[in-house]
There are 2 protein chains.
Amino acid sequence: MSTAPTVYDVAERSGVSIATVSRVYRNPDSVRAQTRERVLAAARDLGYVPSGNARGLASRSTGVLGLCFPDYADPDTDAEDDDAAMLYSDQIIRGMERAARRHGYALLIAASLKGGPESLVAKVAGRVDGFAVMARTVPTEELEGISRRRPVVMLAGPREEGDHLDHLDHIEVANFDGQRELTRHLIEDHGLRRLAFVGSAEESPDVEARFQGFLAACRAADVDAPEEPAVRAAMMTQAEGARAADALCDRADGPPQALVCANDQMAVGALHALERRGLTVPGDVAVTGFDGIPLGRLVRPTLTTVRQPMLRMGEEAVELLVRRLGGTPGSDPVSLMLPVTVARRASCGCGPEEQSAVAIGA
Amino acid sequence: MSTAPTVYDVAERSGVSIATVSRVYRNPDSVRAQTRERVLAAARDLGYVPSGNARGLASRSTGVLGLCFPDYADPDTDAEDDDAAMLYSDQIIRGMERAARRHGYALLIAASLKGGPESLVAKVAGRVDGFAVMARTVPTEELEGISRRRPVVMLAGPREEGDHLDHLDHIEVANFDGQRELTRHLIEDHGLRRLAFVGSAEESPDVEARFQGFLAACRAADVDAPEEPAVRAAMMTQAEGARAADALCDRADGPPQALVCANDQMAVGALHALERRGLTVPGDVAVTGFDGIPLGRLVRPTLTTVRQPMLRMGEEAVELLVRRLGGTPGSDPVSLMLPVTVARRASCGCGPEEQSAVAIGA
DNA sequence: CTGAAAGCGCTAACAA
DNA sequence: TTGTTAGCGCTTTCAG
């Protein structure tokens with residue numbers, strides 16, 4: 001693994017200038033066929049691989065798009081379920097990779113390491129032409145500066161109005177509308193009136209929007225609606241979901257009729273906790289989630305939830321980035337709202353078969 | 001989005017030399033705190049982002065690992081199932097990303113575009129310190145040259161003996177042992193004796209190994225074992241699996257007692273085809289797959305299969321690469337064989353609950 | 001169609 | 001502790 005061969009080596013070996021070697025790769029037709037073959041042969045012999053770095057430096061572009069996502073690994077998910085637990089990030093990655101490929105880009109992905117020392121974004125930002133950031137992965141201020149230099153699109157988490165970040169492109173899903181529709185379903189179609197919302201302790205615009213949707217539905221139906229989530233889980237994991245369910249059941253007034261969880265992971269945890277306590281779902285308590293992770297269809301009862309179009313989100317992110325990179329420099333920030341889908345399954349009382357689901361919002 | 005600021009801009013603005021600016025990022029402690037703050041402040045004001053390209057060029061390393069994978073998208077999978085269809089590549093990506101993060105690397109992923117013009121590997125290879133390649137994603141010869149210049153690890157697909165590639169590190173799963181054990185189970189535990197293996201038309205060492213495992217089990221039990229797979233599907237998709245099942249059922253001697261499919265996707269397709277024909281599984285025909293994709297637990301009957309540890313494969317790949325990069329230059333090529341797990345579920349006749357599964361091979 | 005030369009932005013000795 | 005000075009390997013005018 002000595003020193004890697006460079007254009008100079010290839011040039012020398014094939015008796016041309018380095019400029020010609022470069023042309024062979026960047027614009028083959030501008031070189032006489034015979035010369036080209038000679039160069040290619042030399043390159044092959046030498047095991048020559050063009051340096052992406054040098055290329056990028058000289059041409060000021062990398063051909064790579066990036067994605068920064070939070071460390072979503074749920075430590076409580078056991079190995080078995082883990083196979084099935086295709087999370088947010090996985091689907092966004094899939095969507096972005098697909099779209100990126102269509103446009104000739106590769107995808108660089110990096111998750112925020114919890115106690116990470118050096119800035120994650122900086123590392124990614126420095127190696128890509130543009131990138132997407134999942135909400136709350138990166139300090140706002142960091143993005144502030146970076147976004148002045150290259151296209152950035154925020155994923156999930158509503159546009160922060162009047163904030164420094166409002167010049168970023170932005171994609172979100174219909175959190176409010178989705179949660180409102182699901183809640184309406186619980187109230188009107190199943191006749192439930194004592195609902196508890198399980199939110200999260202950390203600030204999350206998505207969770208907040210869901211809670212507001214929940215509230216809206218309650219108010220519209222004249223159902224008692226507390227100003228605050230019944231529980232704010234420390235983390236949105238299965239363990240915390242179970243804990244929340246337990247806490248709610250231990251209250252003086254007994255368990256609520258429905259546990260409306262801010263995400264699927266917590267809902268699954270709640271399902272387990274309820275089962276352990278001998279409560280049946282949806283008989284004694286209905287449970288709902290939000291996200292639409294595959295695990296939701298594996299648990300029994302199957303989980304009623306609001307499905308997010310994560311794959312599409314990834315694709316749209318790339319489209320946005322590509323558009324920005326393609327020119328139209330000063331245009332206004334774009335903000336997309338993607339529709340969600342309410343998946344009525346067993347845990348709300350809709351029976352084992354998944355009901356046909358409807359697109360909501362956007 | 002004018003011209004991005006460089007070390008020179010930051011240096012000037014903070015009244016130091018570019019070397020100091022560089023130090024602030026690479027080795028903060030080697031700069032007086034006061035100076036450091038001044039530099040950082042200037043950088044912040046300017047929206048400075050270190051160029052990964054320039055860095056890589058100068059330091060001869062990128063801090064990025066890569067993965068090339070085939071375009072596995074199954075066009076037959078409908079959008080609904082797609083959510084659940086976490087494929088090979090997704091899990092390997094997850095595993096690699098995790099491990100890479102632990103070692104401070106980011107991950108660059110790129111799928112082979114079908115009619116892709118320019119060489120995929122070259123693009124990836126030029127931007128990373130080392131990378132993994134899923135079998136049959138890349139022309140052998142290409143890798144030949146590249147692997148002389150940087151660490152490459154092959155995923156799946158057995159080491160090609162006596163081939164040019166036998167100096168590459170290599171990770172595979174116990175295809176042979178897994179398929180043999182599953183087949184033994186069908187024969188001995190369920191008493192089936194007329195088994196048909198559904199393979200693939202394209203050359204695949206993995207599929208071949210599985211078929212050999214199948215044969216071995218048949219012979220060991222004195223079961224009639226044809227030298228060739230009963231069917232060789234054009235692609236390993238659901239549609240082709242269904243077609244294979246139909247073809248087999250239309251034979252003069254009627255359907256076999258068991259359809260042993262070379263992967264889960266085909267097995268799921270077979271399940272559908274059988275159902276359409278009014279045959280019950282496992283009553284009339286048993287069906288098995290290979291891979292352990294989540295979809296296998298969603299279909300009814302649940303799919304008996306051999307589970308591959310793809311996540312671990314990704315992690316091991318990174319470990320191997322990191323080791324190579326860490327020195328030990330001339331050491332011999334490593335070849336890992338990862339154990340698989342036979343998941344006995346409903347489609348072989350084991351009942352709805354998944355039986356405890358055992359690790360096989362390696 | 002091909003060559004010469006000037007950088008791209010940063011790191012890494014080596015000095016100071 | 002900080003500055004100076006070479007490149008790293010490639011793209012890209014501008015000539016020829």
Side-chain angles (χ1 to χ4, degrees), chain A residues 2-40 42-43 46-64 118 122-123 125-129 149-150, chain B residues 2-40 42-43 46-64 118 122-123 125-129 149-150:
Chain A
S2 51
T3 306
T6 73
V7 270
Y8 290 96
D9 302 312
V10 177
E12 185 177 8
R13 196 172 214 281
S14 52
V16 301
S17 72
I18 63 166
T20 298
V21 175
S22 178
R23 288 195 189 94
V24 166
Y25 285 90
R26 300 236 58 72
N27 190 357
D29 296 328
S30 72
V31 177
R32 205 199 323 159
Q34 185 187 329
T35 314
R36 196 193 315 145
E37 289 315 324
R38 205 141 32 88
V39 170
L40 253 15
L46 261 30
Y48 168 70
V49 180
S51 154
N53 283 328
R55 248 190 191 163
L57 223 209
S59 66
R60 307 150 158 305
S61 85
T62 64
V64 178
E118 135 162 32
K123 182 165 189 178
R127 306 202 134 297
V128 303
D129 292 339
R149 316 260 64 124
R150 39 179 117 290
Chain B
S2 52
T3 306
T6 72
V7 270
Y8 291 95
D9 301 313
V10 177
E12 186 177 7
R13 198 173 213 282
S14 53
V16 301
S17 72
I18 62 167
T20 298
V21 175
S22 178
R23 286 194 191 96
V24 166
Y25 285 89
R26 300 234 58 73
N27 190 356
D29 295 329
S30 71
V31 178
R32 206 197 327 157
Q34 185 187 330
T35 314
R36 196 194 314 145
E37 289 316 323
R38 204 143 31 89
V39 170
L40 253 15
L46 261 30
Y48 168 70
V49 181
S51 154
N53 284 328
R55 252 192 190 161
L57 224 210
S59 66
R60 307 149 158 305
S61 86
T62 65
V64 178
E118 137 162 30
K123 182 165 189 179
R127 310 205 73 81
V128 302
D129 292 338
R149 316 261 62 125
R150 40 177 114 289

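Predicted, not measured: the structure shown is a model, and the values here were computed from it. Note on naming: letters A, B, ... go to the chains in the order of the sequence lines (proteins, then strands), and numbering restarts at 1 for each one.
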Given protein heavy atoms under 4.0 Å, the one-letter contact record of nucleotides 8-16 of chain D, with B base, S sugar-phosphate only and - none, is simply BBBBB----

Note to self: Closer than 3.5 angstrom, by distance alone: can the side chain of B/Arg127 be matched with the main-chain N or O of B/Thr62 as a donor-acceptor pair?
What the structure shows: no

Of all heavy-atom pairs linking B/Ala11 and B/Ser17, the shortest is CB-C, 3.8 Å

Closest non-hydrogen contact found for A/Leu46 with A/Pro5 is O-CG, 3.5 Å

Check: Just to confirm, is there a sub-4.0 Å distance from OP1 or OP2 of C/dT2 to any side-chain nitrogen or oxygen of A/Ser30?
Finding: no

ask   = Just by distance, do the side chain of B/Arg36 and the backbone of B/Val24 share a donor-acceptor pair under 3.5 Å?
value = no

Note to self: On the nucleotide C/dT2, are OP1 or OP2 found under 4.0 Å from the side-chain N or O atoms that A/Thr20 carries?
What the structure shows: no

note: B/Asn27, atom CG; C/dC10, atom P; distance rounded to Å ~ 17 Å

Contacts satisfying salt bridge (Lys or Arg N to Asp or Glu O under 4.0 Å) that involve residues 15-25 of chain A (not counting sequence neighbours) are none

